[in-house]
Amino acid sequence: MRIAVIGTGYVGLSTGVCLAEIGHHVTCIDTSEEKIKLLLGGESPIYEPGLEKLIIKNMDEKRLRFTTSHQTGLEKAEVIIVAVGTPQQSNGEADLSYLVQAILDAAPYMEEGSIVVIKSTVPVGTNEKVKGILDHFGPKGGSPSVVSNPEFLRQGSAVLDTLQPDRIVIGSENQNAASIIKKMYTPLNAPVVVTDARSAEMIKYASNAFLATKISFINSIGNLCEAVGANIEDVSKGMGFDQRIGAAFLQSGIGYGGSCFPKDVSALVAIAKEYSVPFSMIEETMMINNRQKQLLVQKAQNRLGSLKDKKIAVLGFAFKPETDDMREAPSITIIHSLLTEGAMVVGYDPVATLNAMKIFGEQIIYAASVEEALQEADAVFLVTEWKEIKQLVLSEAVSHMKEPIVFDGRNCFSEEAVRSCEEIEYYPIGKPAIIIRKS
Ligand code: UDX
């Protein structure tokens, strides 16, 4: 099949590359000259395991092309996948301006009878609006059909999630268009849910809001465990074996971040408000998450009192491991609070430091290694569970600090690893603290 993908962000690029990998002829279009130049040189503009290898392979095998020109990219395209950003506006609603612009830019070059697939996460009813725009600005002979096909890929495992999805959701009022898109995905051998466009759009929001709620629920249980002296890890394990609950997304920490959960939860709140449907549970999910991001700072204040002039090492800027993405990362809330309290922050992340520099500028110090960050620190915050951080020999790591005080926001260490230290104060999430003093 000949496919054009508009937008080469995480979603568009992973989708385009994987569709080429399963045998389609794909042209990825982006208005950014800089991105297309990188891609034409076989380089990925984003850090995503396995992606660059597939870009080079599929370019060599002549199934993958990149261009800034809509005219070139859309030539003979049977399917046009739109995967541009739909960022959150200040009122919580999704901003559809990039999507509308992408449709308007592409419309003059669309072939008659082609199918427009909306992959971007969009509020319920958007696919119908896109159809309206295309009826007006699309090819005169026959306006393209519109299909909603939300993505569920995670950053850091985008290639794997695209090639081995749990399910594929296809929503359209046009049955013929839906079956062509179903056929496009046949090589993936995944369960397919075919429905109407509004339900497909809702599946995406409902899935992300459910997962976010699962995290806020387990974080609240974790806080309760800490208060009553129970252990959240054993509690999660005990709950997770129940197949109705499932073990995934039961890890208590310092809140969810990223480009999807915070944005999609806010958008669902905005949709519920627009239709006057009470949905306070999802608003609470959001509030719990905002509170959870402040947890480490509160714990540090409880232990150290004022944080003024205290040197705090922050390990991890990215919102989760295996990505350099810092959108809505708990590290941002934490570091801003530390700076407000007058602390001196020294941060380290294996890949996200350049992005951190764009956010914090010269307000913090950027260390080149964990050891450098820990030198003479009054306390350390473990914010992202990078392998490099989890594999630290804790006793050796804390030996660089002025005081061996560890606030672990991701429960990176086993009790055994902590107990092997000669001297440490270790404050995990949802579990009793471990305090070992030099005898
Ligand atoms: C998410 C969805 O998983 C994906 O389906 C959707 O398409 C986009 O949003 P992503 O944002 O890449 O993907 O990250 P994910 O791995 O799902 O983690 C989201 C956040 O939840 C991270 O901040 C992570 O630290 C947090 N999390 C996850 C927890 O706090 N506890 C958990 O048990 C799991």
Side-chain angles (χ1 to χ4, degrees), residues 9-12 14-15 46-49 51 83 85-88 94 119-122 149-162 164-169 190 200-201 203-223 232-233 235-237 239-240 245-268 285-286 288-293 295-296 316-334 352 382-386 389-390 408-412 429-430:
Y10 279 98
V11 174
S14 310
T15 305
I46 51 166
Y47 174 80
E48 195 58 53
L51 190 59
T86 50
Q88 189 183 329
K119 213 165 232 317
S120 309
T121 302
V122 290
N149 172 220
E151 55 76 27
F152 301 95
L153 56 89
R154 289 163 299 176
Q155 286 175 223
S157 54
V159 170
L160 207 73
D161 289 350
T162 310
Q164 294 168 20
D166 285 344
R167 80 305 210 176
I168 288 162
V169 174
E201 290 164 331
I203 288 170
K204 170 69 190 202
Y205 282 115
S207 302
N208 274 359
F210 184 84
L211 291 170
T213 303
K214 202 171 175 190
I215 296 171
S216 279
F217 180 85
I218 204 66
N219 282 340
S220 300
I221 294 286
N223 296 341
I232 187 62
E233 276 168 10
V235 172
S236 290
K237 198 170 164 192
M239 288 169 68
I245 298 174
F249 279 74
L250 276 186
Q251 202 180 323
S252 185
I254 42 174
Y256 58 78
S259 63
C260 288
F261 285 175
K263 168 176 82 78
D264 294 350
V265 169
S266 293
L268 193 59
T285 292
M286 215 158 67
I288 292 168
N289 197 57
N290 290 339
R291 282 203 300 271
Q292 202 69 11
K293 289 183 183 178
L295 204 61
L296 294 190
F317 293 131
F319 84 96
K320 66 172 193 176
E322 297 303 328
T323 176
D324 62 351
D325 199 326
M326 285 187 64
R327 280 177 286 180
E328 304 287 336
S331 66
I332 301 176
T333 312
I334 291 170
L382 307 184
V383 174
T384 316
E385 66 277 35
W386 282 102
I389 293 169
K390 287 168 80 171
D408 186 351
R410 300 289 182 188
N411 289 351
C412 293
I429 298 283

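Just so you know, ligand 1 is whichever comes first in the structure, and atom 1 is the first atom listed for that ligand.
- Of the candidates Gln292, Lys293, Arg291, Leu295 forms a side chain to side chain contact (heavy atoms under 4.5 Å, CB included) with just one, namely Gln292.
- The nearest non-hydrogen atom to atom 31 (N) of ligand 1, considering only Arg154, Gln292, Gln155, Gln251, comes from Gln251.
- Using a 4.0 Å heavy-atom cutoff, Arg410 is listed among the residues neighbouring ligand 1.
- Selection from Lys204, Arg327, Glu322, Lys320 by nearest heavy atom to atom 10 (P) of ligand 1 gives Lys320.
- Counting protein heavy atoms only, atom 19 (C) of ligand 1 is closest to Phe261 CE1, 3.5 Å.
- The closest approach between Cys260 and ligand 1 falls below 4.0 Å for a heavy atom of the residue.
- With atom 27 (N) of ligand 1 as the reference point, the heavy atom nearest to it among Ile215, Leu153, Val11, Leu211 is part of Ile215.
- A salt bridge is defined here as a Lys NZ or Arg NE, NH1 or NH2 lying under 4.0 Å from an Asp or Glu carboxylate O, and Lys320 with Glu385 fails to meet this definition.
- Remark: minimum distance from atom 34 (C) of ligand 1 to any protein heavy atom is reached at Phe249 CD2, 3.5 Å.
- The backbone N or O of Ala158 sits less than 3.5 Å from a side-chain atom of Glu48, completing a donor-acceptor pair.
- For the pair Gly257 and ligand 1, a heavy-atom separation below 4.0 Å is found.
- Scanning the protein heavy atoms around atom 20 (C) of ligand 1, the nearest turns out to be Tyr256 CB, 3.7 Å.
- A donor and an acceptor atom, one from each side chain of Thr15 and Glu151, are nowhere located under 3.5 Å apart.
- Near Glu151, meaning under 4.0 Å from any of its heavy atoms, are these atoms of ligand 1: 7 (O).
- Contact of the Met286 side chain with the Ser266 side chain is registered, since non-hydrogen atoms from C-beta on lie closer than 4.5 Å.
- Once rounded to the nearest 0.5 Å, the distance linking OG of Ser216 with CD1 of Ile221 reads 12.0 Å.
- Within ligand 1, counting atoms from 1 as listed, the ones closer than 4.0 Å to a heavy atom of Phe152 are 4 (C), 5 (O), 7 (O).
- At least one side-chain heavy atom of Phe261 sits under 4.5 Å from a side-chain heavy atom of Ile215.
- Using a 4.0 Å cut-off between heavy atoms, Leu250 contacts ligand 1 through its backbone alone, with no side-chain atom that close.
- Looking only at distances, a side-chain donor or acceptor of Arg410 sits under 3.5 Å from a matching main-chain atom of Val383.
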